[in-house]
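Note: hydrogens, waters and symmetry copies are ignored here, and every other heavy atom, side chains too, is used.
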Amino acid sequence: MSAIASARTTAVGTLSGMAQGFRGDVADFYHRYRRGYPPAVLDAVVEAFGLTPDDVAVDLGCGTGQVTVPLAERVRAVIGVDPEPDMLAHGRRAGEERGAANLAWVVGTDADVPAWRAVLGDGSVGVVTIGQALHWMRHDELFRALHPLVRPGGGVAVLTNGAPLWLQDEDWSRALRGCLEQWLGTPAGNACGTDEESQARYRDSLVAAGFRVDVRGVDYTAELDLESIVGGVLSALPVDRLPADRQAFTDLVRAALEPHAPFTEHVHVTVLTGRR
């Protein structure tokens, strides 16, 4: 565990690159309303890389720990990396509530991989997970830099937990998209890396970096309420774009969505793996 302790104390990285203003209230919304991943997704990651209790994992762009914390139950230690200290603070508390003593939380970005290699050593990591954050990163450079960090048989797992709330094939989602475009005054078409075009780029980039690529899927259905939809939207906005009048925003969303209740979400989780 000395490498983990060293990573904790050196605070590798800076608030740049991935930092997009997801602090303060946004971090609170993210922690409360961003859904976690079904156990089958973590099972798929463990199986893909043959992870054991001897492995160390890195969760890059970890947010408030939706992957970091449950993954810690399956490996020796996990380092959660994010540019926002407020996100990491929520993750740390979530880990403590689960009694996980094998977690380290580090301020950093994808630009800090060379420093990780200096601290941890090449071939030292079983998996680097990236859950719905890769669209903020320079993935071509990142995958090349990660290849020597992971052990033989280990690799990179890119997880996308369904399309954004405003881009689903449901009447309530289309109503939400119109509502957001009205409120923000801009098109709401950002798929956050979940679209097939982005996924194809990630696959090609992993292959170019020397990884063997596989894709698995996990499907589930969830029932949402108005509070979770509004909270999910607010968790995706930079802090300087949050509505000043939250109640007015909630009322606008309620008026647009209520005719389309109940709010059923059909989620397809993509588990894209690159194995060394």
Got Gln247 and Asp251 here, is their nearest side-chain heavy-atom distance under 4.5 Å?
yes
Chi angles and distances behind the side-chain contact (heavy atoms from CB on, under 4.5 Å) call for Asp112, Val81:
CA-CA 10 Å; Asp112 297 313; Val81 181; 5.7 Å; no
Taking side-chain contact (heavy atoms from CB on, under 4.5 Å) as the criterion, tell me which of Leu88, Thr64, Thr109, Asp59 meets it with Asp82.
Leu88
Between Arg201 and Glu197, is there a side-chain N and carboxylate O pair less than 4.0 Å apart?
yes
Asp25 side-chain N/O to Val239 backbone N/O, donor-acceptor pair under 3.5 Å:
no
Answer yes or no: is there a side-chain heavy-atom contact under 4.5 Å between Leu146 and Val113?
yes
Locate the shortest heavy-atom distance separating Ala163 from Thr194; write the atom from each residue and the value.
CA-OG1, 3.9 Å
Heavy-atom closest contact (Leu71 atom, Ala57 atom, distance):
CD2-CB, 3.7 Å
Distance (rounded to the nearest 0.5 Å) between Leu60 CG and Ile79 CD1
11.0 Å
Contact between Arg216 and Glu47 at the side-chain level, heavy atoms closer than 4.5 Å - yes or no?
yes
Please lay out, stage by stage, how Val215 and Gln199 fare under the test side-chain contact (heavy atoms from CB on, under 4.5 Å).
CA-CA 10 Å; Val215 182; Gln199 290 289 304; 5.8 Å; no
Mind listing the closest non-hydrogen atom pair of Asn161 and Gly36 along with its distance?
ND2-O, 3.1 Å
Please report the interatomic distance CZ(Arg92) to CG(Leu103), rounded to the nearest 0.5 Å.
10.0 Å
Identify the two heavy atoms, one from Ala255 and one from Pro259, that lie closest to each other, and give their separation to 0.1 Å.
O-CD, 3.5 Å
Applying salt bridge (charged side-chain N to carboxylate O under 4.0 Å, His left out), which residue pairs with at least one partner in residues 229-238 are found, sequence neighbours left out?
none
Which pair of non-hydrogen atoms, one from Ala133 and one from Gly61, has the smallest distance, and what is that distance?
CB-O, 3.9 Å
Quick one: ring-ring contact (aromatic ring centres under 6.0 Å, His included) partners of His135, sequence neighbours excluded?
none
Heavy-atom pair of closest approach, residues Cys62 and Gly80:
SG-C, 3.6 Å
Can you tell if the side chain of Val26 reaches within under 4.5 Å of the side chain of Leu237, non-hydrogen atoms only?
no
What pairs meet the ring pair (Phe, Tyr, Trp, His ring centres under 6.0 Å) rule with one or both residues in residues 225-261, with sequence neighbours excluded?
Trp183-Phe249
Flag the pair Asp122 and Arg117 as a salt bridge only when some basic side-chain nitrogen lies within less than 4.0 angstrom of an acidic carboxylate oxygen.
yes
Contact check, side chains of Val150 and Arg275, non-hydrogen atoms, under 4.5 Å
no
Please enumerate all residues that pass side-chain hydrogen bond (donor to acceptor under 3.5 Å, both in side chains) together with Thr273, with sequence neighbours excluded.
none
Can you check whether Ser205's main-chain N or O pairs, donor with acceptor, with Asp140's side chain at less than 3.5 Å?
no
Run the side-chain hydrogen bond (donor to acceptor under 3.5 Å, both in side chains) test against Arg35 and tell me which residues pass, sequence neighbours left out.
Tyr220, Glu265
Can you tell me how far CD of Glu84 sits from OH of Tyr30, rounded to the nearest 0.5 angstrom?
11.5 Å
OG/Ser235 to OH/Tyr33 distance, rounded to the nearest 0.5 angstrom?
10.0 Å
Just verifying a value: how many Å separate Thr129 OG1 and Leu134 CG, rounded to the nearest 0.5 Å?
11.5 Å
Compare all side-chain heavy atoms of Pro38 with those of Val41 and state whether any distance is below 4.5 angstrom.
yes
Of Leu159, Asp110, Leu272, Val156, which meets side-chain contact (heavy atoms from CB on, under 4.5 Å) against Ile130?
Val156
According to salt bridge (charged side-chain N to carboxylate O under 4.0 Å, His left out), does anything in residues 145-170 pair up with another residue at least two apart or in another chain? List the pairs.
Asp55-Arg151, Asp169-Arg174
Test side-chain contact (heavy atoms from CB on, under 4.5 Å) applied to Phe263 and Gln168, step by step
CA-CA 11 Å; Phe263 312 125; Gln168 301 191 20; over 6 Å; no
Any salt bridge (charged side-chain N to carboxylate O under 4.0 Å, His left out) involving residues 177-193? Give me the pairs, sequence neighbours left out, ordered by first then second residue.
none
Just by distance, with hydrogens left out, do Thr264 and Glu223 show a side-chain donor and acceptor under 3.5 Å apart?
yes
What pairs with Tyr202 under ring-ring contact (aromatic ring centres under 6.0 Å, His included), at least two apart in sequence or on another chain?
His139
Going by the rule salt bridge (charged side-chain N to carboxylate O under 4.0 Å, His left out), which residues pair with Arg98 if we only count those two or more places apart in sequence or in a different chain?
Glu73
Sequence neighbours excluded, the answer for side-chain contact (heavy atoms from CB on, under 4.5 Å) partners of Pro114 is none
Answer yes or no: is there a side-chain heavy-atom contact under 4.5 Å between Arg74 and Val45?
no
Contacts of Asn190 that satisfy side-chain contact (heavy atoms from CB on, under 4.5 Å) - sequence neighbours left out:
Cys192
Just so I know, are the side chains of Leu165 and Ser173 near enough to count as touching, which here means a heavy-atom distance under 4.5 Å?
no
CH2 of Trp105 to NE2 of His90: how many Å apart, nearest 0.5 Å?
11.5 Å
Those residues at least two apart in sequence (or on a different chain) that pass ring-ring contact (aromatic ring centres under 6.0 Å, His included) with Phe211 are His147
